[in-house]
Protein chains: 2
Amino acid sequence: MNLTASAGQAVEGLVRKLRARDVLSRQEEEALASSVGEVKEVGPGRILVREGVSLSECNLLVEGMVCRYKELNDGQRQILELHLSGDFVDLHSFPLKRLEHNIGSLTPVRIAIIPHERLKRITEEHPHLARMLWFSTLLDAAINREWILSIGRRSALARVAHLLSELHVRMGIIGLVHDRRYPLPLTQTDLADATGLTAVHVNRMLKKLRDEALVTFRNGEVTIHDWDGLQGLAEFDPTYLYLERRPR
Amino acid sequence: MNLTASAGQAVEGLVRKLRARDVLSRQEEEALASSVGEVKEVGPGRILVREGVSLSECNLLVEGMVCRYKELNDGQRQILELHLSGDFVDLHSFPLKRLEHNIGSLTPVRIAIIPHERLKRITEEHPHLARMLWFSTLLDAAINREWILSIGRRSALARVAHLLSELHVRMGIIGLVHDRRYPLPLTQTDLADATGLTAVHVNRMLKKLRDEALVTFRNGEVTIHDWDGLQGLAEFDPTYLYLERRPR
DNA sequence: CGTTCGATTGAGTTATCTCAATAGGCGTGG
DNA sequence: CCACGCCTATTGAGATAACTCAATCGAACG
């Protein structure tokens, strides 16, 4: 059936992400796919979820890139996390019922909508799958914590290097790294808002990373020249991404 | 029965925390209490959970204060979150199976141990309670995100003010604020590690907050002199603590 | 009563920011 | 097809928030 096929496609990225960490049964995959409601397309630079609004459905990112962010009164923005295809961007709105931050699209995106009602049923009928979904929200929290360390204690250069390293690994998982390159449709201002720096300073750090032949970020594409050197500089250790498969 | 009584006491703080946000049935409370295994006491400055170690139980903080933290190679430390009585400190180890950061005691603490096996049973037999536990891990994530904003974009003064504000509210929930004062058994170095600053600079910021008659932190105690002024300076808005009770 | 740890303060340093100017790329409309 | 305007990237120069180093002081502790 057509609808099922597209629902299957919609959850494909998520399924791959979960399977990288644990065993997902056929029934569980079906339960996920059958939970997908509408699939919609949204342009870049749009707010997908606004802070404080009462929610009754979640957004699964099928294609494109989105970010979560908060702003201060003077207009300063802080990006809290970047999301790639397959990320269940605001799954946490299911237990929380609202978000305390915004979610915005950075590129044109395709989004699968999953009603909270369906998720509730999953927690009742598929406890193991529910635990995996729980896990995936905690993976976001682990990324949040690594960013706290990064912004709080790493130098500007290491912060940028760390972010590009994290994205390299996460892009790799979803098959978007080819020949040590991956797409990164961000401006230097976005990068600054993600690292707690200024756009001007990010520019200088990128130049330095380029000059030291570690990475290049240009024209929306990142090229890794020296992965070991980059990881070393950033003190990047991917264990916080919980990539090993679980025992059992 | 004696054991039940002490288990009831052990989960009391958590129960209060959950009840501040949703309805918790008698059976659910019992299910929680009956999940408590050992209750143990640990001295200050000890590591309760070490990063990377495979885990099969969680720690519920009954009394005292603990923190999660990470360190860089050069010894710089970043505190990721502070936990108070009633916090289910490493509930996230249930889905994650290991942590990517350390958990250390800041004071003498009393800890209730809850085996993962019991939690698994809760997810199978008490889906609503399981969702509340999920919620409580996401509350930590919300705090993490607010810290990212704070460290990334607030001034040093506002960062310290924000942290003292957050703790004021959280201490209030568990009944530890009396007469605009609450206990805070941290050194200025700890505060620095939580805010991504230097101990020296934290000292100066504390002096400034004192001089401006906003807050005083001295002898392990915080006194709020001007709550509105403090909140204003910090741009502190407690909605990220999800304190409203859920509809239904 | 010496030792240690945390708090405090001064003085000089530096990483990062701010302001500002220039240049490149790209879309739109004449 | 060119010209204009806008957005992003780049670079220089000067400003400043936060850091480092270092000395003093007080309280706790054995």
Side-chain angles (χ1 to χ4, degrees), chain A residues 43-45 65 72 74-79 106-108 150-164 183-212 215-223 233-234, chain B residues 43-45 65 72 74-79 106-108 150-164 183-212 215-223 233-234:
Chain A
M65 197 157 173
L72 291 179
D74 63 1
Q76 284 192 95
R77 181 174 75 145
Q78 177 66 46
I79 291 181
L106 295 162
T107 63
S150 220
I151 297 175
R153 291 299 187 206
R154 275 187 250 259
S155 69
L157 189 66
R159 259 185 257 182
V160 174
H162 193 277
L163 180 56
L164 296 180
L184 187 62
L186 299 181
T187 64
Q188 293 184 2
T189 300
D190 294 331
L191 236 38
D193 288 344
T195 50
L197 297 168
T198 304
V200 171
H201 204 57
V202 164
N203 180 285
R204 293 191 224 269
M205 296 303 103
L206 287 173
K207 177 171 163 53
K208 196 159 189 181
L209 291 172
R210 230 182 299 127
D211 290 350
E212 298 189 2
V215 233
T216 298
F217 168 52
R218 191 159 263 172
N219 303 323
E221 187 176 71
V222 175
T223 307
L233 169 65
Chain B
M65 196 157 174
L72 291 180
D74 64 1
Q76 283 192 95
R77 181 174 73 146
Q78 177 65 48
I79 292 181
L106 294 162
T107 65
S150 221
I151 298 175
R153 291 299 185 206
R154 275 187 250 259
S155 69
L157 189 66
R159 259 184 256 182
V160 174
H162 193 277
L163 179 57
L164 296 180
L184 187 62
L186 299 182
T187 65
Q188 293 184 0
T189 300
D190 294 331
L191 238 37
D193 288 344
T195 50
L197 298 168
T198 303
V200 171
H201 203 58
V202 164
N203 180 284
R204 293 190 225 269
M205 297 302 103
L206 287 172
K207 177 170 163 53
K208 196 159 187 180
L209 291 172
R210 230 183 299 127
D211 290 350
E212 298 188 2
V215 234
T216 299
F217 168 51
R218 191 160 264 171
N219 302 323
E221 188 177 70
V222 174
T223 307
L233 170 64

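Every chain is numbered from 1 and lettered A, B, ... according to where its sequence line falls, protein lines coming before strand lines.
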_Shortest non-hydrogen contact between A158(A) and A234(A), atoms and distance_ = O-CB, 3.8 Å
*In whole angstroms, how far is the P atom of dT9(C) from the CG atom of L206(B)?*
11 Å
_Heavy-atom closest contact (G152(A) atom, I151(B) atom, distance)_ = CA-CG2, 3.5 Å
_CA sep, side-chain torsions, deciding dist, call: V215(B), V160(B), side-chain contact (heavy atoms from CB on, under 4.5 Å)_ = CA-CA 10 Å; V215(B) 234; V160(B) 174; over 6 Å; no
*Would you mind reading off the distance between L191(B) atom CG and dT8(C) atom C1', rounded to a whole angstrom?*
15 Å
_With a 4.0 Å cutoff (strictly under), does any side-chain N or O of R210(A) reach OP1 or OP2 of dA9(D)?_
no
*Does R159(A) offer a backbone N or O that forms a donor-acceptor pair with the side chain of R154(A) under 3.5 Å?*
no
*Excluding sequence neighbours, so at least two apart, what forms side chain to side chain contact (heavy atoms under 4.5 Å, CB included) with D74(B)?*
L72(B), Q76(B)
What pairs of nitrogen or oxygen atoms, one from the protein and one from nucleotides 28-30 of chain D, lie under 3.5 Å apart?
none

*Would you mind reading off the distance between K207(B) atom NZ and dA17(D) atom P, rounded to a whole angstrom?*
18 Å
Give every pair of a protein N or O atom and an N or O atom of nucleotides 16-19 of chain C that lie under 3.5 Å apart, one pair per line with the distance.
unit_1: dT16(C); atom_1: OP1; unit_2: A156(A); atom_2: N; d: 3.1
unit_1: dC17(C); atom_1: OP1; unit_2: T198(A); atom_2: OG1; d: 3.4
unit_1: dC17(C); atom_1: OP2; unit_2: T198(A); atom_2: N; d: 3.3
unit_1: dC17(C); atom_1: OP2; unit_2: T198(A); atom_2: OG1; d: 3.3
unit_1: dC17(C); atom_1: O5'; unit_2: T198(A); atom_2: OG1; d: 3.1
unit_1: dT18(C); atom_1: O4; unit_2: R204(A); atom_2: NH2; d: 3.4

*Taking CG from D193(B) and P from dC19(D), how many angstroms apart are they, rounded to a whole number?*
11 Å
*With sequence neighbours excluded, what pairs up with E221(B) under the salt bridge (Lys or Arg N to Asp or Glu O under 4.0 Å) test?*
R181(B)
*Quickly work out the D211(A) CG to dT11(D) C1' distance and round it to whole Å.*
13 Å
*Take atom CG of D190(B) and atom C1' of dG6(C), then tell me their distance rounded to the nearest Å.*
11 Å
*Might you point out which heavy atoms bring V222(A) and F217(A) nearest each other, and give the distance in Å?*
CG2-CD1, 3.7 Å
*When you check the phosphate oxygens OP1 and OP2 of dA7(C), does a side-chain N or O of N203(B) lie under 4.0 Å from one of them?*
no
*Between the two ends of the helix from dC1(C)-dG30(D) to dG30(C)-dC1(D), what is the bend in degrees, rounded to 10 degrees, where each end axis spans five pairs?*
40°
_Integer-rounded Å distance: dT20(D) C1' and D74(B) CG_ = 14 Å
*Once you round to the nearest 0.5 Å, how far does CG of L106(B) lie from CD1 of I79(B)?*
6.0 Å
_Whole angstroms only, please: what is the CG-P distance between N219(A) and dG24(C)?_
14 Å
Please tabulate, for side-chain N and O atoms in residues 190-208 of chain B, each donor-acceptor pair with protein atoms closer than 3.5 Å (sequence neighbours left out).
unit_1: D190(B); atom_1: OD1; unit_2: R77(B); atom_2: NH2; d: 2.7
unit_1: D190(B); atom_1: OD2; unit_2: T187(B); atom_2: N; d: 3.1
unit_1: D190(B); atom_1: OD2; unit_2: T187(B); atom_2: OG1; d: 3.2
unit_1: D193(B); atom_1: OD1; unit_2: R153(A); atom_2: NH2; d: 2.9
unit_1: D193(B); atom_1: OD2; unit_2: R77(B); atom_2: NE; d: 2.8
unit_1: D193(B); atom_1: OD2; unit_2: R77(B); atom_2: NH2; d: 3.1
unit_1: T195(B); atom_1: OG1; unit_2: L191(B); atom_2: O; d: 2.7
unit_1: T195(B); atom_1: OG1; unit_2: A192(B); atom_2: O; d: 3.4
unit_1: N203(B); atom_1: ND2; unit_2: Q188(B); atom_2: OE1; d: 2.9
unit_1: K207(B); atom_1: NZ; unit_2: D211(B); atom_2: OD2; d: 3.4

*Any idea which heavy atoms bring M65(A) and P185(A) closest together, and the distance?*
SD-CD, 3.6 Å
*Residues which pass side chain to side chain contact (heavy atoms under 4.5 Å, CB included) with P108(B), listed by chain and number, not counting sequence neighbours*: P44(B)
*Tell me which nucleotide among dG6(C), dA9(D), dT8(C) gets nearest to the side chain of T187(B).*
dG6(C)
